[in-house]
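Here is the structure we will look at, set down as structure tokens.
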Amino acid sequence: MAPLKPVVEVVNLGKISYGNALQTQRRYIRRHIDSLSQPPAAEPAVNALLLCEHPPVYTVGIRTAQYLVEEEERLKGLGAEFHRTDRGGLITFHGPGQLVCYPILNLAHFRKSVRWYVAELETTTVRLCRTFGIQADTSPDTGVWVASNKICAIGIHCARYITSHGLALNCNTDLHWFSHITPCGLKGKGVTSLTQVLGREVTVSEAVEPFLETFAAQFNCTLRS
């Protein structure tokens, strides 16, 4: 008998502040942590895929913990929030028109490898872009690229093989917000979106279904609402 596929619950948070999304992630992480202390026969916590959009917010990862307060205040002055986080990576922007996905997974249900997990997120997004007719690819720099322009940023946290944070795919994002920073600390690189590459409006709503289909296929899991 073939092993059962892991089940992943899809939770659409809609438009939500970054701070509230962090709190939601922590609740789902706690479910996994609590289940680790349960007897082996107990039913494991269900994995989750949190989908959302954020109001304008700049976030920095653990590699920029010492980000200057003056820079933080400058970015806040643009009308965006600013958060210091425990994810990997440098500074990036989240905002309307961006499909943000936070997988809260126990990698023991998949493969206990952070390197594998990040590569799977990248491949999922590459496959998604190809469903739109976009030739996207990976590079030595984490994320998904169209030529030298990043279309999807990836930054994760993983503790005890429980994942959090995730990816942000630019659908019809206002890319001007990125001009105020060096996204992910990569000088000489640009950003793009599904809308910009295709020359037509591509909304988050349009991207969700093909994203879920490619995620389920790439991670060999069963999605449920």
Atom pair [atom1] ([X]) and [atom2] ([Y]), whose distance is rounded to the nearest 0.5 Å:
| X | Y | atom1 | atom2 | value |
| --- | --- | --- | --- | --- |
| Leu167 | Thr142 | CG | OG1 | 12.5 Å |
| Thr92 | Trp177 | OG1 | CH2 | 13.5 Å |
| Ser164 | Leu105 | OG | CG | 10.0 Å |
| Gln23 | Ile16 | CD | CD1 | 10.0 Å |
| Asn172 | Leu198 | CG | CG | 11.5 Å |
| Ile154 | Asp141 | CD1 | CG | 12.0 Å |

Backbone N/O of Asn106 and side chain of Asn47: donor-acceptor pair under 3.5 Å: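 Indeed, once roles are kept as given, a pair shorter than 3.5 Å links the two residues.
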
With a 4.5 Å heavy-atom cut-off, do [X] and [Y] have their side chains touching?
| X | Y | result |
| --- | --- | --- |
| Thr85 | His165 | yes |
| Cys158 | Leu107 | yes |
| Cys171 | Thr195 | no |
| Phe110 | Asn220 | no |
| Lys150 | Thr192 | no |
| Thr182 | Ile91 | no |
| Phe82 | Tyr18 | no |
| Val7 | Cys221 | no |

Would you say the ring centroid of Phe178 lies under 6.0 angstrom from that of Phe93?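 Yes, they do, as the ring centres are separated by less than 6.0 Å.
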
Per the side-chain hydrogen bond (donor to acceptor under 3.5 Å, both in side chains) rule, which among Gln98, Gln196, His94 passes with Asn170?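 Output: one option passes, namely Gln98.
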
With Thr59 as reference, evaluate Arg87, Glu81, Arg84 under the side-chain hydrogen bond (donor to acceptor under 3.5 Å, both in side chains) test and give the passing residue.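 Running side-chain hydrogen bond (donor to acceptor under 3.5 Å, both in side chains) over Arg87, Glu81, Arg84 with Thr59 returns exactly one hit, Arg87.
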
Salt bridge (charged side-chain N to carboxylate O under 4.0 Å, His left out) involving Arg130 - partner list, sequence neighbours excluded: none

By salt bridge (charged side-chain N to carboxylate O under 4.0 Å, His left out) - contacts of Arg31 (at least two apart): Glu9

Dump the intermediate steps for side-chain contact (heavy atoms from CB on, under 4.5 Å) on Leu51 and Val10, then the final yes or no. CA-CA 8 Å; Leu51 305 178; Val10 178; 4.0 Å; yes

Are more than 12 heavy atoms, taken from residues, nucleotides or ligands other than Arg200, located less than 6.0 Å from that residue's CZ atom?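 Buried by this count: over 12 neighbours within 6.0 Å.
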
Kindly indicate, with the supporting measurements, whether the criterion side-chain contact (heavy atoms from CB on, under 4.5 Å) is fulfilled by Phe211 and Leu169. CA-CA 10 Å; Phe211 172 79; Leu169 174 69; 5.6 Å; no

Between His32 and Leu36, is the side-chain contact (heavy atoms from CB on, under 4.5 Å) condition met? List the steps. CA-CA 6 Å; His32 280 297; Leu36 294 178; 5.6 Å; no

Joint cluster assignment, [X] & [Y], ILVMFWY side-chain distance < 4.5 Å:
| X | Y | value |
| --- | --- | --- |
| Ile156 | Trp145 | no |
| Leu212 | Phe132 | yes |
| Tyr102 | Val46 | no |

Stepwise side-chain contact (heavy atoms from CB on, under 4.5 Å) test for Ile162 and Ile33: CA-CA 8 Å; Ile162 310 301; Ile33 298 299; 4.1 Å; yes

Apply ring pair (Phe, Tyr, Trp, His ring centres under 6.0 Å) to the pair Tyr161 and Trp116, showing each step before the final yes or no. CA-CA 12 Å; Tyr161 290 108; Trp116 170 86; over 10 Å; no

Would Glu72 and Lys76 count as a salt bridge (Lys or Arg N to Asp or Glu O under 4.0 Å) if you check the C-alpha gap in whole Å, the side-chain angles of each, and the deciding distance to 0.1 Å? CA-CA 6 Å; Glu72 176 180 341; Lys76 286 180 178 177; 3.0 Å; yes

